[in-house]
Trainee: 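What follows is a single structure, and I will ask about it in a moment.
Whatever order the structure lists them in is the order used to number ligands and atoms, beginning at 1. Since this is a predicted model, take the numbers as computed values, not measurements.
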Amino acid sequence: MKETILYLVLPCYNEEEVLYSTAEQLRKKYTELMDSGKISRDSKIMFVNDGSKDKTWSIITELFHQDSVFCGVSLSRNRGHQNAVLAGLMTAKEKADVVISIDADLQQDIDAIDLMLEKYENGCDVVYGVRNARNTDGLIKRTTALGFYKLMNLMGCEVLKNHADYRLMSKRVIESLAEYHEVNLFLRGLIPTIGYPSDIVYFDVRERQAGSSKYTMKKMLNFAVDGITSFSIKPIQLITLMGFVTMCISIVLIIQTIIEYYQGKTVPGWASSYISTWFIGSVQLISLGIVGEYIGKIYLEAKHRPRYHIESFLWKESRDEENKE
Ligand code: UDP
Ligand code: MG
């Protein structure tokens, strides 16, 4: 049987402090996997330099000259984690049978790679790495992460809880991914929509070995907004809902005001201005919602997402002799 060619894709942004140690741990892991015949000797460890301002790229170049198991891609400038992962996946697509993306700081346990490969051999096209606990995160990161998953699900975007971008993808999944041309990339929401058999592997997260988190609060917030707005038109639909709620309230108020008017409890001019404020407000909200629905449709059309992916196709050139009458 042909051995699996595994490419590991690691996005790197200003990671000079961790790169040597990462490379050493991965070299060891690859040697084990190659010696036990689990992966082909053509497998590679691919570093993607996401426009780093430190020595990241020169370290990658040095590693590449040291050992041919390492290879590197450098982006023209900082494009963000998701784009760096995508660049790695698309570059690896031609040569690899299977790709695993993982962070360059190796906070995610690399021993899960064995399990992921096992699941792949058993027929899975996507294997999601899901972290066991959040003990290593600070209070702020833990709370914001939890809020993020809650909000995402509320907005109708199905993301796997505690799954970041540590995942295995087969060649055909990456080829399918290549058919998505959207610029606002949110891989962890996108991959599940592609389909194919998938499974989960649990792993432990450890503290960052060196350097600091490259995900600033601003980047994290942008990421969350990107996630919601790339997948859901629910916020627009909420406007319509709000319009209808306001309309109901205004009808109740109209009835109440009319009663009070006939009871003589109102001052001249109050009833008409009070009613019209509520009524016009609700009409405006509903109109905004209707316009929004169309914008939502345009937005979904503009993404040009593929409408299907064929998983299997049964077809034969001509009928078998024995089946013919
Ligand atoms: N990263 C990147 N571009 C960026 C920000 C981050 O390629 O603009 C990479 C970074 O080098 C790391 C991964 O994304 O390999 C995750 O970042 P980090 O470990 O800093 O995030 P955290 O683990 O703190 O969420
Ligand atoms: Mg990290």
Trainee: Please say whether the positively charged group of Lys161, taken as NZ for Lys or CZ for Arg, lies over the ring of Phe148, i.e. under 6.0 angstrom from the six-membered ring centre and within 45 degrees of the axis.
Mentor: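 No.
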
Trainee: Side chains of Glu121 and Thr4 only: does a donor on one sit below 3.5 Å from an acceptor on the other?
Mentor: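 Yes, a side-chain donor-acceptor pair sits under 3.5 Å.
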
Trainee: Sort and list the pairs that fulfil salt bridge (Lys or Arg N to Asp or Glu O under 4.0 Å) and have at least one residue in residues 56-70, not counting sequence neighbours.
Mentor: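 Output for this query lists Arg27-Asp67.
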
Trainee: Should Lys29 and Asp114 count as an ion pair when the cut-off is N to O under 4.0 Å?
Mentor: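 A salt bridge links Lys29 with Asp114.
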
Trainee: A side-chain contact here means heavy atoms from C-beta on lying under 4.5 Å apart; do Arg206 and Leu106 qualify?
Mentor: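 Answer yes - side chains close enough.
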
Trainee: Would you mind listing each N/O atom of ligand 1 next to any protein N/O under 3.5 Å, plus the distance?
Mentor:
residue, atom, partner, partner atom, Å
ligand 1, 3 (N), Asp50, OD2, 2.6
ligand 1, 3 (N), His81, N, 3.4
ligand 1, 7 (O), Asp50, OD2, 3.4
ligand 1, 8 (O), Asp50, OD2, 3.4
ligand 1, 8 (O), Asn78, ND2, 3.2
ligand 1, 8 (O), Lys219, NZ, 2.6
ligand 1, 11 (O), Pro11, O, 3.4
ligand 1, 11 (O), Tyr13, N, 2.9
ligand 1, 11 (O), Glu15, OE2, 2.6
ligand 1, 15 (O), Pro11, O, 2.7
ligand 1, 15 (O), Ala104, N, 2.9
ligand 1, 19 (O), Asp105, OD2, 2.6
ligand 1, 19 (O), Arg208, NH2, 3.0
ligand 1, 20 (O), Arg208, NH2, 3.1
ligand 1, 20 (O), Lys214, N, 2.4
ligand 1, 23 (O), Gln107, OE1, 2.8
ligand 1, 24 (O), Lys141, NZ, 3.4
ligand 1, 24 (O), Ser213, OG, 2.5
ligand 1, 25 (O), Lys141, NZ, 2.9

Trainee: In terms of side-chain heavy atoms, does Asp226 have a donor or acceptor partner in Gln82 at a distance below 3.5 Å?
Mentor: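 Looking only at side-chain atoms, Gln82 and Asp226 do not form any donor-acceptor pair under 3.5 Å.
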
Trainee: Can you tell me the angle formed at the Mg ion (ligand 2) by OE1 of Gln107 and OD2 of Asp105, to 10°?
Mentor: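 Vertex the Mg ion (ligand 2), arms to OE1 of Gln107 and OD2 of Asp105: 100°.
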
